[in-house]
Amino acid sequence: MSVFDHPEFDHHEAVHFFEDADSGLSCIIALHSTALGPAAGGCRHWQYANSTEALTDVLRLSRGMTYKNAVAGLPFGGGKAVILAKENAPKSRQLMHAFGRAVHSLEGRYITAEDVGIDVVDMQAVREITPHVTGVSKQSRIVGGDPSPWTARGVFNGIVASAEHSFGSGVLKGLRVAVQGVGHVGYQVCKLLHEAGAELIVADVNRETLRRVIEEFGATQVGIESILSADCDILSPCALGNVINQQSIAKIRAKVVAGAANNQLGRDEDGALLREAGILFAPDYVVNAGGIIAVAHEHLGDGTEKEVCDEIDQISARLARIYSQSDETGLSTNTVADRLAESIVRNATKPDSRLIA
Ligand code: NAD
């Protein structure tokens with residue numbers, strides 16, 4: 001199948017494939033849109049079943065970044081990178097250097113950062129090769145570094161705004177929240193929920209990360225197969241995508257789904273199924289934009305901690321507007337968000353670099 005015929009191909013501006021024999025790097029970088037600025041989005045290091053699965057992931061994730069950056073009001077387009085993890089080529093400085101060379105060859109049209117399987121140390125290795133990377137450091141007056149605490153702040157705000165809409169109050173004390181995946185973002189979301197008095201139900205495939213949230217926040221553990229159907233008020237998917245589909249919607253007992261994971265819906269139509277089932281869905285790229293907001297400011301070299309926090313806190317009002325519009329029109333919340341993002345991108349005037357002033 002050609003890339004152009006792939007069901008997830010959506011007028012992506014470019015899809016680049018890279019191989020480096022010495023380090024064992026195989027990666028795909030997809031630039032969905034540069035209409036609003038350079039394509040910005042994280043790099044995922046993941047063991048895919050095959051390269052088609054990796055292509056599907058990068059096409060979906062890069063499109064999601066276009067929508068996320070547009071709705072967050074950032075001067076960036078959407079892109080994403082996936083590194084195909086291999087047992088014979090473990091993550092190493094050499095591998096990240098090879099990835100850095102791939103990013104550098106795109107001459108700033110793609111800005112990379114952390115995503116699943118990638119941490120600040122990896123991005124620091126990429127920075128040794130190219131300046132087109134962010135989420136690298138925390139300088140005294142400029143925010144940035146690990147994006148996950150910023151993402152968690154936005155997700156927590158999104159949960160509060162969603163509770164307000166569904167339950168008439170944003171007070172989380174006594175509410176039961178099921179968190180799927182308690183890694184970088186999930187752990188921080190649990191911390192904020194615990195501080196707000198919510199009861200936590202958690203699942204993760206990693207025992208060590210689970211132990212931490214059980215010990216620190218008194219969370220109740222359930223099996224990974226039971227978390228989506230847990231008896232709770234709010235479900236917060238913070239692991240991987242494609243978790244909400246016809247089968248899982250039939251089992252969800254929560255009245256709100258609001259989490260960090262990208263591409264939570266298996267298909268766009270699943271948003272309408274959630275609405276029919278009376279479940280409020282917080283569009284993932286709207287609530288999980290906190291991290292990209294912080295690292296975008298790191299890259300631009302502006303924004304104090306307070307300014308960035310204020311910008312992330314606008315996620316609540318943005319969600320409330322999406323919810324009102326969904327109620328008024330009967331459209332699913334993800335459709336309302338998509339239309340908003342598409343209109344922002346459509347109205348952008350793309351600078352034409354071929355014109356010489
Ligand atoms: P992470 O790898 O640190 O955490 C993911 C956690 O999910 C891990 O602890 C993993 O063991 C667990 N997990 C994997 N499969 C699972 C399953 N089937 N059931 C339960 N747990 C499972 O990643 P992260 O940085 O915390 O990101 C989590 C999600 O949020 C991803 O979808 C990512 O794309 C999205 N996201 C992250 C950021 C960020 O700032 N890191 C920003 C926006 C979106």
Side-chain angles (χ1 to χ4, degrees), residues 40-48 57-58 60-65 67-69 71-72 74 78 80-83 85 91 112-123 134-136 143-158 178-192 201-214 219 221-230 235-244 248 257-265 282-296 298 308 312 315:
C43 168
R44 180 169 288 192
H45 183 261
W46 190 253
Q47 196 150 4
Y48 292 98
D57 211 22
V58 79
R60 286 197 86 191
L61 288 166
S62 57
R63 175 174 180 258
M65 287 310 302
Y67 285 46
K68 187 187 303 196
N69 292 336
V71 172
L74 295 170
K80 201 87 182 184
V82 296
I83 297 179
K91 213 171 62 167
T112 197
E114 296 87 348
D115 191 53
V116 173
I118 294 287
D119 57 28
V120 175
V121 173
D122 299 318
M123 285 298 126
T134 185
V136 175
V143 294
D146 176 7
S148 51
W150 306 101
T151 302
R153 182 182 178 107
V155 171
F156 176 77
N157 287 340
V179 183
Q180 181 189 41
V182 289
H184 285 96
V185 181
Y187 169 81
Q188 301 280 346
V189 169
C190 285
K191 184 169 188 284
L192 296 169
I201 303 163
V202 292
D204 198 297
V205 289
N206 183 322
R207 279 194 192 171
E208 198 45 40
T209 48
L210 258 184
R211 193 185 52 75
R212 211 156 62 121
V213 291
I214 293 166
Q221 172 188 351
V222 296
I224 53 164
E225 66 297 331
S226 317
I227 190 76
L228 295 174
S229 56
L235 172 64
S236 186
C238 293
L240 293 173
N242 282 321
V243 287
I244 310 290
S248 60
V257 175
N262 282 309
N263 297 334
Q264 289 167 35
L265 301 178
D284 41 37
Y285 60 78
V286 180
V287 272
N288 71 14
I292 192 75
I293 291 171
V295 300
E298 175 186 337
V308 169
I312 292 172
I315 286 174

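Atoms considered below: every heavy atom in the structure, side chains included; atoms not considered: hydrogens, waters and symmetry mates. Remember, it's a predicted structure, so these values are computed and weren't measured experimentally. Counting starts at 1 for both ligands and their atoms, in listed order.
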(message) Within the 4.5 Å heavy-atom criterion, are Cys190 and Val202 side-chain neighbours or not?
(response) yes
(request) Just jot down the ligand 1 atoms closer than 4.0 angstrom to any heavy atom of Ala203, in number order. (result) 20 (C), 21 (N)
(request) Among all protein heavy atoms, pick out the one at the shortest distance from atom 25 (O) of ligand 1; state its residue, atom name and that distance to 0.1 Å. (result) His184 CB, 3.7 Å
(message) In this structure, does ligand 1 have an atom that sits under 4.0 Å from one of the heavy atoms of Ser148?
(response) yes
(request) Please state which part of Glu114 comes within less than 4.0 Å of ligand 1, counting heavy atoms only: side chain, backbone, both or neither. (result) neither
(request) Return a yes/no value for Val116: is any of its N or O atoms, backbone included, closer than 3.5 angstrom to an N or O of ligand 1? (result) no
(request) Examine distances only and state if a side-chain atom of Thr134 and a backbone atom of Val295 form a donor-acceptor pair shorter than 3.5 Å. (result) yes
(request) Report yes or no: do Arg211 and Asn206 form a side-chain donor-acceptor pair below 3.5 Å? (result) no
(message) Any side-chain to backbone donor/acceptor pair from Glu298 onto Gly145? Under 3.5 Å, distance only.
(response) yes
(request) Check each of Val205, Asn288, Asp115 against atom 13 (N) of ligand 1 and report the one with the nearest heavy atom. (result) Val205
(request) Identify, for atom 4 (O) of ligand 1, the protein heavy atom at the shortest distance, and state residue, atom and that distance. (result) Gly183 CA, 3.4 Å
(message) Tell me if a side-chain donor or acceptor on Asp284 pairs with a main-chain N or O of Gln264 at a distance below 3.5 Å.
(response) yes
(request) Tell me which one of Ala294, Gly181, Pro147, Ala260 gets a heavy atom nearest to atom 30 (O) of ligand 1. (result) Ala260
(message) Given 3.5 Å as the limit, does a donor-acceptor pair link the side chain of Gln188 with the main chain of Val185, or not?
(response) no
(request) For ligand 1, note which part of Cys238 has a heavy atom under 4.0 Å away: side chain, backbone, both or neither. (result) backbone
(request) Could you find the nearest protein heavy atom to atom 19 (N) of ligand 1 and give me its residue, atom name and distance? (result) Ile224 CG2, 3.5 Å
(message) Heavy-atom pairs closer than 4.0 Å: do any link ligand 1 to the side chain of Ile292, the backbone, both, or neither?
(response) neither
(request) Examine distances only and state if a side-chain atom of Ser62 and a backbone atom of Gly78 form a donor-acceptor pair shorter than 3.5 Å. (result) no
(request) Mark up the atoms of ligand 1 that fall under 4.0 Å of a heavy atom belonging to Lys68, in ascending order. (result) 43 (C)
(request) Look at the side chain of Ser226 and the backbone N and O of Val222, then say whether any donor-acceptor pair between them is shorter than 3.5 Å. (result) no
(request) Please confirm whether Ala239 comes within less than 3.5 Å of ligand 1 when only nitrogen or oxygen atoms on both sides are compared. (result) yes
(message) Test of understanding: given a 4.0 Å heavy-atom threshold, classify the contact between Val185 and ligand 1 as side chain, backbone, both, or neither.
(response) both
(message) Counting only nitrogen or oxygen atoms and a 3.5 angstrom limit, does Asp204 reach ligand 1?
(response) yes
(message) To check you understand the geometry: which heavy-atom pair defines the closest contact between Asn262 and Asn288, and what is its length?
(response) OD1-ND2, 2.9 Å
(message) So does Ile118 get a backbone contact from the side chain of Asp122, meaning a donor-acceptor N/O pair under 3.5 Å?
(response) no
(request) Using a 4.0 Å heavy-atom cut-off, say whether Thr151 meets ligand 1 through its side chain, its backbone, both or neither. (result) side chain
